[in-house]
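The next block holds one structure in the form of structure tokens; read it before the comments.
Order of listing sets the numbers, starting from 1, for every ligand and every atom in it. Here the structure is a predicted model, which is why all the values come from computation and not from measurement.
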Amino acid sequence: MSCVLVFAGLDPSGGAGLLADAETVRAFGLRPLCVATALTVQTTARAVRFEAVSPSLVLESARALLAEEDVAAVKIGMIGSGAVGRAILAALEGARVPIVLDPVLAASSGAALLAPDGLPALLELLQGAIVTPNAPEAHALLGLPEAPRDADALEAAGRALLARGARAAVLKGGHLEGEAIDVVVSRRGDGIEVLRLGGARLAGTKRGTGCRFASALACGLLLGRSVAEAARGAKEHVRSYLKLP
Ligand code: PLP
């Protein structure tokens with residue numbers, strides 16, 4: 001069975017991180033392979049702190065899985081530290097599968113999930129990847145003067161992420177004022193295609209929506225869908241998750 005190789009932090013409460021990713025990949029009928037990048041102290045209500053896993057352990061684990069399992073897509077979530085980010089980069093050297101990068105910086109509660117030295121590693125992991133930032137993450141990745149506030153600003157950020165080397169950018173609009181419009185910016189031939197995905201904002205504040213979105217996107221790409229189709233599918237998957245009691 002085709003596998004999605006997931007790099008993410010372990011949130012022991014299961015709301016976000018590796019456990020949420022594994023749940024998502026299984027919901028698509030696929031098999032998750034999970035490499036923990038960090039262990040976090042978290043409950044449903046709050047994130048307290050984390051410790052990054054040893055980079056050599058991450059590298060060894062990923063290399064073993066890539067050599068012996070049928071990895072057909074990769075999802076990278078929380079990397080925790082620059083050293084772990086570089087280990088992931090080394091493990092994925094030469095990988096010829098879609099790579100989805102969710103540039104996790106902090107938990108919704110505000111607690112940091114990336115050490116200050118981690119940003120350059122994220123920018124390296126961005127090369128050739130399909131990146132899924134929300135507005136604050138796009139702000140930090142690109143060093144923008146302010147976080148995008150509307151769909152036009154998200155689109156501009158998406159174009160800038162492609163100029164920085166991303167294969168595509170799926171910008172999540174959950175932090176926008178008003179309607180939560182997601183913007184998909186991808187390469188098409190010599191040009192760039194932009195798609196806006198609307199949808200009324202659903203009530204509730206469940207955790208791990210960003211993790212689930214990126215994993216669902218990786219599953220869609222593994223199943224041969226275009227970035228735009230996979231983004232639609234991922235949005236639908238997250239909407240169904242938000243509607244669960
Ligand atoms: N914990 C881990 C390990 C994560 O990977 C993520 C991903 O974004 C989060 C927490 C953040 O989840 P939330 O935004 O729901 O707090």
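A salt bridge links Glu146 and Arg149; the closest N-O separation between the charged side-chain nitrogens and carboxylate oxygens is under 4.0 Å. A salt bridge does not link Arg196 to Asp182: none of the charged side-chain nitrogens sits closer than 4.0 Å to a carboxylate oxygen.
Side-chain contact between Val4 and Leu33: absent, with no pair of heavy atoms (C-beta onward) separated by less than 4.5 Å. Counting heavy atoms from C-beta on, the side chains of Thr40 and Pro12 come closer than 4.5 Å.
Contact atoms of ligand 1 toward Ser108: 13 (P), 14 (O), 15 (O), 16 (O) (distance under 4.0 Å to a heavy atom of the residue). Those atoms of ligand 1 that come under 4.0 Å of a heavy atom in Gly9, given as number and element, are 3 (C). Those atoms of ligand 1 with a heavy atom of Val104 less than 4.0 angstrom away are 7 (C), 8 (O). Remark: ligand 1 atoms within the under-4.0 Å shell around heavy atoms of Met78 are 3 (C), 5 (O). Here is the list of ligand 1 atoms found below 4.0 Å of a heavy atom in Cys211: 5 (O), 6 (C), 7 (C), 8 (O). In the vicinity of Ala16, heavy-atom distances shorter than 4.0 Å reach the ligand 1 atoms 6 (C), 9 (C), 10 (C), 12 (O).
Other residues, nucleotides and ligands contribute only 12 or fewer heavy atoms inside 6.0 Å of the CZ atom of Arg188. Counted within 6.0 Å of CD on Glu51, heavy atoms from surrounding residues, nucleotides or ligands total 12 or fewer; the atom is thus considered open.
With respect to atom 15 (O) of ligand 1, the closest heavy atom belonging to the protein is Gly208 N, 2.7 Å.
Side-chain contact annotation: Ser109 with Arg207, donor-acceptor N/O pair under 3.5 Å absent.
With a heavy-atom cut-off of 4.0 Å, Leu113 touches ligand 1 through its side chain alone. At a heavy-atom distance under 4.0 Å, atoms from both the backbone and the side chain of Ala107 approach ligand 1.
Ring centers of His237 and Phe28: under 6.0 Å apart, within the cut-off.
For ligand 1, the polar-atom distance check against Gln42 finds a nitrogen or oxygen pair separated by under 3.5 Å.
Under a 4.0 Å heavy-atom criterion, Ala8 is not in contact with ligand 1.
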